[in-house]
Amino acid sequence: MVKKFNLGSSNFESYRLEVTPEFIKVKPTRKLLFFYAVFAIIGLGCFFGPLAEKRESGESLYPTIILGSVFFLVGAGLMLLNCRRRYPYIDLRQRMFYPLGRPRKGADDFTSAISLVNAEHLQVSAAVESDNEGSWVSYTLKLVFPRGEQYLLLRHGSEDA
């Protein structure tokens with residue numbers, strides 16, 4: 001049984017592992033946040049652009065302003081969600097695994113922590129995936145525990161991620 005906490009497959013690196021002597025964690029990349037920022041910027045342009053432009057008195061600005069608002073809200077909302085989302089986190093000093101992310105400061109959320117003492121290994125695998133448009137190699141990183149319990153840390157189309 002694989003518990004899917006974070007799928008990260010895309011045609012660019014949307015998520016990556018940050019590895020230090022203290023921790024291993026999954027993070028969104030700058031490319032992903034930039035992609036969302038483009039939506040927000042387009043939205044601002046559609047929102048404020050018509051206000052700066054001279055128009056005839058009978059033309060309605062509402063469709064453009066509504067479209068701009070939707071683009072801005074989608075882009076800004078996705079950026080905010082990705083920055084606030086709790087990604088899998090391995091604390092190497094305390095030897096704990098947090099499948100739903102490390103608890104925020106001041107929170108007593110240690111119920112989601114799993115001791116790494118019982119972990120068997122980290123499993124890295126590659127598989128060829130395919131669909132109607134072609135095939136690609138998908139890399140998977142899982143934390144495996146006894147009794148077949150596995151936690152998906154990252155699945156990506158990039159080996160470097």
Side-chain angles (χ1 to χ4, degrees), residues 1-44 46 67-161:
M1 121 181 101
V2 176
K3 296 183 180 181
K4 296 182 180 179
F5 287 106
N6 183 20
L7 298 176
S9 299
S10 67
N11 58 356
F12 66 92
E13 289 183 16
S14 51
Y15 300 96
R16 66 178 173 81
L17 285 178
E18 183 176 338
V19 180
T20 70
E22 293 90 30
F23 61 81
I24 299 172
K25 68 179 177 179
V26 177
K27 288 183 65 169
T29 62
R30 289 186 181 140
K31 291 176 190 177
L32 180 68
L33 297 176
F34 176 76
F35 181 74
Y36 295 149
V38 167
F39 271 83
I41 291 168
I42 289 172
L44 287 175
C46 289
L67 178 70
S69 299
V70 168
F71 264 80
F72 176 76
L73 291 174
V74 167
L78 289 171
M79 282 177 57
L80 181 65
L81 285 174
N82 262 293
C83 291
R84 297 283 303 158
R85 186 172 163 192
R86 296 174 69 177
Y87 295 98
Y89 184 90
I90 298 173
D91 189 331
L92 297 172
R93 289 190 181 212
Q94 295 179 356
R95 299 193 183 280
M96 298 296 283
F97 170 58
Y98 300 92
L100 299 175
R102 187 171 183 191
R104 301 212 193 310
K105 292 180 181 175
D108 294 310
D109 187 13
F110 292 104
T111 57
S112 65
I114 300 170
S115 175
L116 286 177
V117 174
N118 299 328
E120 290 181 353
H121 59 275
L122 274 172
Q123 177 184 1
V124 179
S125 62
V128 177
E129 307 276 339
S130 62
D131 63 9
N132 294 338
E133 297 178 13
S135 61
W136 64 94
V137 178
S138 177
Y139 299 94
T140 305
L141 178 65
K142 299 177 193 172
L143 185 59
V144 180
F145 285 88
R147 295 175 277 145
E149 193 173 16
Q150 300 177 15
Y151 292 90
L152 182 62
L153 297 176
L154 187 66
R155 185 176 133 206
H156 215 292
S158 166
E159 185 177 12
D160 294 335

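None of these values were measured; they are calculated from a predicted model.
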Exercise for the section: Taking all non-hydrogen atoms of both residues into account, name the closest pair between A113 and M96 and its distance. Expected result: CB-CE, 3.4 Å

Exercise for the section: Quick one: closest heavy-atom pair of P99 and I114, and the distance? Expected result: CG-CD1, 4.0 Å

Problem - Approximate separation, where rounding is to 0.5 Å, of E18 CD and F23 CZ - result: 4.0 Å

Fill in the blank from the handout: Residue set satisfying salt bridge (Lys or Arg N to Asp or Glu O under 4.0 Å) with E120, at least two apart, ordered chain then number -> none

Completion exercise
Here the gap from L116 atom CG to D91 atom CG, rounded to the nearest 0.5 Å, amounts to 8.5 Å

Fill in the blank from the handout: In terms of heavy-atom contacts, N82 and P28 come closest through O-CG, 3.9 Å

Exercise for the section: With rounding to the nearest 0.5 Å, note down the distance linking CD in Q123 to CG in L152. Expected result: 10.5 Å

Completion exercise
In this structure, NZ of K142 is separated from NE2 of H121 (nearest 0.5 Å) by 9.5 Å

Problem - Rounded distance [0.5 Å steps], NZ in K25 versus OH in Y87 - result: 11.0 Å

Handout entry: Worked verdict on V26 versus L17 for side-chain contact (heavy atoms from CB on, under 4.5 Å)
Key = CA-CA 5 Å; V26 177; L17 285 178; 3.7 Å; yes

Fill in the blank from the handout: So CD1 of I90 and CG of L153: to nearest 0.5 Å the spacing works out to 5.0 Å

Practice task
Take the angle between the ring planes of F145 and Y151 and call it parallel below 30°, perpendicular above 60°, tilted in between.
Solution key: perpendicular

Problem - Least distance between heavy atoms, F72 atom then A40 atom - result: CD1-O, 3.5 Å

Practice task
For C46 and G68, work out which heavy atoms get closest and say how close.
Solution key: CB-CA, 3.4 Å

Handout entry: Under the ring pair (Phe, Tyr, Trp, His ring centres under 6.0 Å) test, residues paired with F39 that sit two or more places apart
Key = F35, F71

